[in-house]
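See structure below.
Heavy-atom basis, side chains included; hydrogens, waters and symmetry copies ignored. All residue numbers refer to positions in the sequence shown, counting from 1.
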Amino acid sequence: MFYALSFVIGFLLPFQTGLNSRVKNVVASAFLASLVSFFIGLSLLCVLLLLNGYSINFMAWNYENARFWHFFGGFLGVFGISAAILLFAKLGAILPIVLLVLGQIVSSVIIDIYGLLDMQIKNYNAFNFLGFFLVFIGCSVVICFKDKNFKLSFNPALWLLGILVGVAFSVQACINTNLSNHLFSSLKAAFISFGIAFSVLCFIAIFVLRNFKNLLKITLSKEPFYIYFGGIFGALYVYAITIITPIIGVANASVWSLFGMIVGGIIIDMVGLFGVLQKSINKEQILGFILLFIGVWMLKITF
């Protein structure tokens, strides 16, 4: 069940990206689009807290056993968003995703093997490691062959940054899981993470970019209201991954959500959602999917 949930929440992430891209066109800023997304996600988490009988007065929550680094999840989220904006501008839309996948898979396996960040140690065999490799190769093939004109551009600093974004997302899941354990609530942990990220983005928009007034363009836009709901998917992802990670491990949670993300992205391309140019799946991508399926299956082999 938790593997399937990881797949579903990963599947929804490209839809969040597609909606946020529409918001970006309205407010003329990727940062402000992220700010809107986090605001919507934070609002949803507030409602869920109230429905579950929790107080939204987070200052009154018990943080007695929480360590200072348990609150870094939101900062890592902002880092990932900021770096992604730079990488997509410098490297295009394809290579950054491949680098993110590489960073997320490698870092999550290391975290599981050594039990870093207070996570439970997970043991993997040779079949599992081969599975991780096939997942990476499969993801790379599916992504790279989306565009037949894709050309590889090597920039060591930007490649490293792309890999670090993947590492950041793995570490963020672990941090939020630890905070959840100390607060005895995944909802509270997700709320704290989103709240910190939203506050940082507000600071950047007001004092660094100074383009906060662009949000007023939303009131004049003729875009449908649902394009602003991308944050719902982001909030559900952070909430769900906090629950899933300690049960199936960081690596499995990452791989299955990546699997869902790839499938969701391909469907968006095939249908032509969110104004994306409609593209049919090609034989190279089918091969990538086959490798991806085999790799995911091998991850579940135990002795």
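Considering all non-hydrogen atoms of both residues, Ile9 and Ala240 come closest at CG2-CB, 3.7 Å. Residues Asn20 and Ala33 approach most closely at O-CB, 3.7 Å, considering heavy atoms. Heavy-atom minimum distance, Leu76 versus Gln172: CD1-N, 3.8 Å. For the residue pair Asn123 and Asn128, the shortest heavy atom distance occurs at O-OD1, 4.4 Å. Considering all non-hydrogen atoms of both residues, Asp112 and Val250 come closest at OD1-N, 3.0 Å. Of all the heavy atoms in Ser6 and Ile248, the pair that sits closest is OG-CD1, 3.6 Å.
Heavy-atom contacts from other residues, nucleotides or ligands closer than 6.0 Å to CD of Gln120 number 12 or fewer. The number of heavy-atom neighbours closer than 6.0 Å to CZ of Phe39, taken from other residues, nucleotides and ligands shown, is 12 or below. The number of heavy-atom neighbours closer than 6.0 Å to OH of Tyr63, taken from other residues, nucleotides and ligands shown, is above 12. Around the CZ atom of Phe129, the shell of radius 6.0 Å holds more than 12 heavy atoms that belong to other residues, nucleotides or ligands.
Residues satisfying the ring pair (Phe, Tyr, Trp, His ring centres under 6.0 Å) test with Phe293, not counting sequence neighbours, are Phe259.
From Ile163, atom CD1 reaches atom CG of Leu158 across 11.5 Å, with rounding to the nearest 0.5 Å. The CG atom of Leu32 lies 5.0 Å from the CG atom of Leu215; values are rounded to the nearest 0.5 Å. Taking CG from Leu291 and CD1 from Ile286, the interatomic distance works out to 12.5 Å, rounded to the nearest 0.5 Å. Rounded to the nearest 0.5 Å, atoms CG (Leu42) and CG (Leu49) are 9.0 Å apart. To the nearest 0.5 Å, atoms OH (Tyr226) and CG (Leu19) are separated by 7.5 Å. Residue Ser199 holds its OG atom at 11.0 Å from CZ of Phe38, rounded to the nearest 0.5 Å.
Side-chain contact between Phe289 and Ile262 is present, with at least one heavy-atom pair separated by less than 4.5 Å. Contact check for Ile111 versus Cys174: side-chain heavy atoms found under the 4.5 Å cut-off. Side-chain contact between Leu209 and Phe31 is present, with at least one heavy-atom pair separated by less than 4.5 Å. Between Leu116 and Ile110 there is a side-chain heavy-atom pair separated by less than 4.5 Å. Using a 4.5 Å heavy-atom threshold, the side chains of Phe71 and Ile175 count as separate. A heavy-atom distance below 4.5 Å is found between the side chains of Ser221 and Tyr228. Side-chain contact between Met261 and Leu12: absent, with no pair of heavy atoms (C-beta onward) separated by less than 4.5 Å. Under the 4.5 Å side-chain criterion, counting only non-hydrogen atoms from C-beta, Lys24 is not in contact with Ser34.
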Can you list the steps and then say if Trp69 with Leu117 is a side-chain contact (heavy atoms from CB on, under 4.5 Å)? CA-CA 10 Å; Trp69 58 269; Leu117 299 171; 4.0 Å; yes
Ring pair (Phe, Tyr, Trp, His ring centres under 6.0 Å) between Phe15 and Phe11, worked out: CA-CA 8 Å; Phe15 291 85; Phe11 178 83; 5.4 Å; yes
Test side-chain contact (heavy atoms from CB on, under 4.5 Å) applied to Lys122 and Val109, step by step: CA-CA 9 Å; Lys122 300 282 185 180; Val109 170; over 6 Å; no
Checking Asn176 against Val238 for the side-chain contact (heavy atoms from CB on, under 4.5 Å) test, could you report, in this order, the C-alpha distance in whole Å, the side-chain angles of both residues, the deciding distance, and whether it holds? CA-CA 8 Å; Asn176 288 344; Val238 173; 3.7 Å; yes
Evaluate side-chain contact (heavy atoms from CB on, under 4.5 Å) for Leu134 paired with Val296, printing each intermediate quantity in order. CA-CA 8 Å; Leu134 290 178; Val296 169; over 6 Å; no
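Residue Ile121 is not grouped with residue Val255 when hydrophobic side chains (ILVMFWY) are merged at heavy-atom distances under 4.5 angstrom, including chains of intermediate members. Linking ILVMFWY side-chain heavy atoms closer than 4.5 Å, directly or via other members, places Val208 and Ile206 in a single hydrophobic cluster. Cluster annotation: Phe207 and Leu201 are assigned to the same hydrophobic cluster (Ile/Leu/Val/Met/Phe/Trp/Tyr, side-chain heavy-atom contacts under 4.5 Å, transitive).
At least one donor-acceptor pair under 3.5 Å links the side chain of Ser107 to the backbone N or O of Gln104. With hydrogens and angles ignored, the 3.5 Å screen pairs a side-chain donor or acceptor of Ser82 with a backbone N or O of Val78. Panel note: side chain Asn52, backbone Tyr54; no donor-acceptor pair is recorded below 3.5 Å. Formation of a donor-acceptor pair under 3.5 Å by the His182 side chain with backbone atoms of Leu179 is not found in this model. Checking side-chain atoms of Trp256 against main-chain N and O of Leu5 turns up no donor-acceptor pair under 3.5 Å. Not a single donor-acceptor pair under 3.5 Å links the side chain of Asn211 to the backbone N or O of Asn214.
A donor and an acceptor atom, one from each side chain of Ser170 and Ser108, are nowhere located under 3.5 Å apart.
Ring centroids of Phe229 and Phe225 are separated by less than 6.0 Å, placing the two rings close together. Checked against the 6.0 Å centroid threshold, Phe72 and Phe68 count as a close aromatic pair.
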Determine all donor-acceptor pairs shorter than 3.5 Å in which one atom belongs to a side chain in residues 183-194; sequence neighbours excluded.
unit_1	atom_1	unit_2	atom_2	d
Ser185	OG	Leu187	N	3.3
Ser185	OG	Lys188	N	3.1
Ser186	OG	Ser180	OG	3.2

